Each structure stands twice: as C-alpha cells, then as structure tokens.
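One is the number of the first residue; the rest follow in order along the sequence. Nothing here was measured: the structure is a model prediction, and the numbers come from that model.
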Amino acid sequence: MTLDATINIIRAIMPFEQVDVAMVLGSGLGGFADQIDGVSIDYSELPVFPDSSVSGHAANLVLGTVGNARVAILGGRVHYYEKGQADAMRGPLETIAALGAKQLLLTNAAGSVRNGLGPGDLMLISDHINFAGTNPLIGEETDRRFVPLTDAYDDDIANGLKTAAEQSGVELQSGVYTWFSGPSFETPAEIRATQNLGGDAVGMSTVPEVILGRFLGLKIGAISSITNMGAGLSDENISHEHTKAMAPVGAAKLTKLLKRYLENLVS
C-alpha cells in the first residue's frame with residue numbers, strides 16, 4: 001500500500017500523465033533541478049522515499065519538462081553506507097518506473113584513478129566493478145533477481161549523451177566506475193587495485209541503482225563528475241567537503257550536456 005500511496009501523492013501534483021526520463025543527481029550536482037520549471041515535493045512526504053543524511057544532497061522530487069521530455073528528478077539518493085542497505089533506493093525507483101519512466105539517468109561525484117581524467121572532467125560510465133561486495137537484490141525471492149548486466153548501460157542512451165556533449169561543446173570521456181561501500185575513502189592500495197582491475201573512477205553510489213533499474217526494466221545512462229584524484233595519486237586533501245567544493249566545476253558542464261540530451265529526445 002505504501003508504494004500505491006506514494007504514486008497517488010505524486011499523481012495528484014504531477015503536471016503530466018507519465019514520466020519519460022528519471023534522473024538521480026549526485027553530491028553537489030543539484031543545480032540542474034533548479035533550472036526545471038515544474039513542481040517539487042520533499043522525500044519526507046513520500047512513504048517509500050527514504051531521507052538522506054548526506055550533506056550536498058537535496059532530498060526532493062522535481063517533476064517538469066525539458067524540451068518535449070517529461071522528467072522526474074530525484075534530487076538526492078540514499079547510499080549503502082548510511083544504513084547498510086544496498087536497496088535503499090528501491091522504493092523511489094519502483095515509483096518512477098510505475099509512473100512510466102523508460103530511462104534512468106544517474107550522476108555522481110567520483111574520484112579518478114586514470115591519468116588524463118581529472119577534477120572538473122566528466123566520464124560517461126561504460127561499465128562498472130562492484131567492489132562493495134553486496135547487491136541490492138539480496139533478499140529478492142523471485143527469479144527476477146538474476147539480472148543480466150552485460151548490457152547494464154544502454155548503447156542508445158550512451159550515444160545520445162555523446163551527441164549532446166558534442167553539440168554543447170562539453171568534453172565527455174568514458175570509463176569504468178568502481179563502487180566502494182564507503183563512507184571512508186579508499187586507501188592508496190585500493191586505488192592501485194582498482195587500476196589493475198581496469199577501473200577508471202571510484203565512488204560510493206550509482207551501482208545499486210543501476211542494478212535496481214535493470215531489475216525494473218529501465219534503460220540506464222550514467223555520468224561521473226570527477227572531483228578529485230584517488231588516494232596516493234596527488235597531494236589533494238580528499239574529503240567530503242572537498243567533493244562538494246569541486247562538484248560545481250563539473251556540474252556546469254553536466255547541466256549543459258543533460259539539458260541538450262533531453263531537448264534532443266522526441267516524445
């Protein structure tokens with residue numbers, strides 16, 4: 001009943017009949033939602049939406065249009081490290097799927113482990129490594145839990161994001177994202193291990209949402225905004241405050257890119 005109640009609350013204020021694209025905004029990347037002319041509702045008013053305790057995340061749902069695309073923007077996410085629940089975002093994602101969304105665009109702030117990919121750069125996620133050792137579908141009792149992830153990141157969405165980047169004059173690199181559970185940052189040895197395994201960036205989110213999204217039949221696209229180099233790769237003082245301070249550098253580029261991508265969609 002709580003999922004149905006959540007859907008009914010949203011439908012009562014939703015300015016359109018169904019959602020085309022859902023987005024989850026990462027740390028310091030909430031500025032995109034501020035540019036949307038639509039309606040907003042706090043997570044606390046939605047039964048299956050959890051409250052995030054992480055600064056830098058605006059916990060609200062924004063519904064509006066960009067071009068012809070009807071968009072649902074999740075201004076915050078709950079991370080595995082907050083309560084030890086990998087499926088913390090299942091309720092919100094089940095909600096946006098029930099509202100008709102076909103695409104899920106995920107963004108995050110991440111650290112780079114690759115030369116030539118540095119603070120302020122954007123990285124299209126082409127694949128991921130689950131270094132956290134858990135999964136949001138643990139406990140799911142149906143055979144739907146055996147989700148294939150060969151095509152976790154949709155080629156058409158990736159090509160659309162690349163085109164939008166070119167059109168908006170934004171450089172968009174691509175690479176493999178490695179999920180660590182957090183909340184502590186990685187050690188230099190873990191960064192070296194990530195490099196040896198083929199990872200290009202590290203972070204504490206996104207992968208659970210990718211798995212849940214595919215479980216729900218959503219097509220996935222994801223972009224990391226690089227805020228720092230991994231431990232041992234520079235003299236930066238890595239911290240959450242540093243992440244929030246550096247996120248706006250990539251956020252301006254990301255906002256341009258996402259806006260163009262949505263404008264290019266044909267409803």
Side-chain angles (χ1 to χ4, degrees), residues 19-38 62 64-75 101-129 149-178 198-203 205-207 209-210 213-214 218-229 243 246-267:
V19 172
D20 298 315
V21 181
M23 303 172 60
V24 178
L25 302 181
S27 296
L29 302 174
F32 183 79
D34 297 334
Q35 300 189 21
I36 305 300
D37 184 18
V62 177
T65 58
V66 179
N68 292 320
R70 298 163 293 191
V71 184
I73 300 175
L74 285 73
K102 298 295 186 292
Q103 293 188 21
L104 176 62
L105 302 181
L106 302 165
T107 70
N108 62 52
S112 171
V113 305
R114 187 177 84 198
N115 290 332
L117 179 68
D121 290 339
L122 299 181
M123 186 189 84
L124 177 69
I125 299 177
S126 59
D127 204 344
H128 71 243
I129 298 170
L149 294 177
T150 304
D151 57 351
Y153 300 87
D154 185 76
D155 287 340
D156 289 339
I157 294 178
N159 290 332
L161 290 169
K162 291 175 184 177
T163 297
E166 293 176 2
Q167 292 173 338
S168 53
V170 172
E171 181 182 3
L172 180 63
Q173 301 190 50
S174 64
V176 175
Y177 177 87
T178 304
D200 299 292
V202 294
S205 68
T206 303
V207 169
E209 294 140 43
V210 172
R214 294 304 299 133
L218 299 169
K219 295 181 178 180
I220 309 292
I223 295 177
S224 292
S225 176
I226 303 300
T227 57
N228 59 275
M229 299 302 295
T243 296
M246 290 302 299
V249 179
K253 300 177 183 178
L254 188 58
T255 296
K256 287 176 60 178
L257 189 162
L258 291 175
K259 186 171 183 292
R260 178 56 66 92
Y261 174 80
L262 293 171
E263 289 173 343
N264 286 345
L265 292 180
V266 178
S267 61

Notebook entry, point to check: Which value, rounded to the nearest 0.5 Å, describes the distance between D154 atom CG and L104 atom CG?
Noted result: 11.5 Å

Check: Short question: side chain of N159, backbone of D156 - any donor-acceptor pair under 3.5 Å?
Finding: no

Margin query: Please find the pair of heavy atoms, one from V176 and one from H128, that lie closest to each other, and give the distance.
Written below: CG1-CA, 4.0 Å

Notebook entry, point to check: Are any non-hydrogen side-chain atoms of L254 and F32 less than 4.5 angstrom apart?
Noted result: no

Check: Quick one: CG on L262 to CD on Q103, what's the gap to the nearest 0.5 Å?
Finding: 8.5 Å

Margin query: Using a 3.5 Å distance criterion without hydrogens, assess whether the side chain of S225 forms a donor-acceptor pair with backbone atoms of N108.
Written below: no

Checklist line | Working for side chain to side chain contact (heavy atoms under 4.5 Å, CB included), residues N68 and L265 | finding: CA-CA 7 Å; N68 292 320; L265 292 180; over 6 Å; no

Note to self: Give me the atom names and distance for the closest heavy-atom approach of N228 to P119.
What the structure shows: CA-CG, 3.9 Å

Next item on the list: State whether the side chain of S112 and the backbone N or O of L117 hold a donor-acceptor pair below 3.5 Å, judged by distance alone.
Entry: yes

Note to self: For V21 versus V19, what's the shortest heavy-atom pair and its separation?
What the structure shows: O-CG1, 3.4 Å

Checklist line | Point-to-point distance, once rounded to the nearest 0.5 Å, from CG of L124 to CG of D200 | finding: 11.5 Å

Checklist line | From CD (E209) to CD1 (I220), nearest 0.5 Å | finding: 9.0 Å

Next item on the list: Looking only at non-hydrogen atoms, find the nearest pair between I36 and V66 and report the distance.
Entry: CD1-CG2, 3.2 Å

Note to self: Would you compute the distance between atom OG1 of T206 and atom CD1 of I223 and round it to the nearest 0.5 angstrom?
What the structure shows: 11.0 Å

Note to self: Nearest 0.5 angstrom please: R114 CZ to Q173 CD, how far?
What the structure shows: 5.0 Å

Next item on the list: List the steps, then state whether side chain to side chain contact (heavy atoms under 4.5 Å, CB included) holds for L105 with Y261.
Entry: CA-CA 11 Å; L105 302 181; Y261 174 80; 3.8 Å; yes

Margin query: Can you give me the closest heavy-atom contact between A201 and M123, atom names plus distance?
Written below: CB-CE, 3.7 Å

Item checked: Closest heavy-atom pair and its distance - A222, Y153 -> CB-CE2, 3.9 Å

Checklist line | For E263, salt bridge (charged side-chain N to carboxylate O under 4.0 Å, His left out) partners two or more places apart | finding: K259, R260

Note to self: Taking atom CG as the centre, does D151 end up with more than 12 heavy-atom neighbours from other residues, nucleotides or ligands that are less than 6.0 angstrom away?
What the structure shows: yes

Checklist line | Q167 and N264: side chain donor to acceptor below 3.5 Å | finding: yes

Notebook entry, point to check: Is there a donor-acceptor pair under 3.5 Å between the side chain of T178 and the backbone N or O of I129?
Noted result: no

Checklist line | Test log, rule side chain to side chain contact (heavy atoms under 4.5 Å, CB included), inputs K253 and D121 | finding: CA-CA 9 Å; K253 300 177 183 178; D121 290 339; 4.3 Å; yes

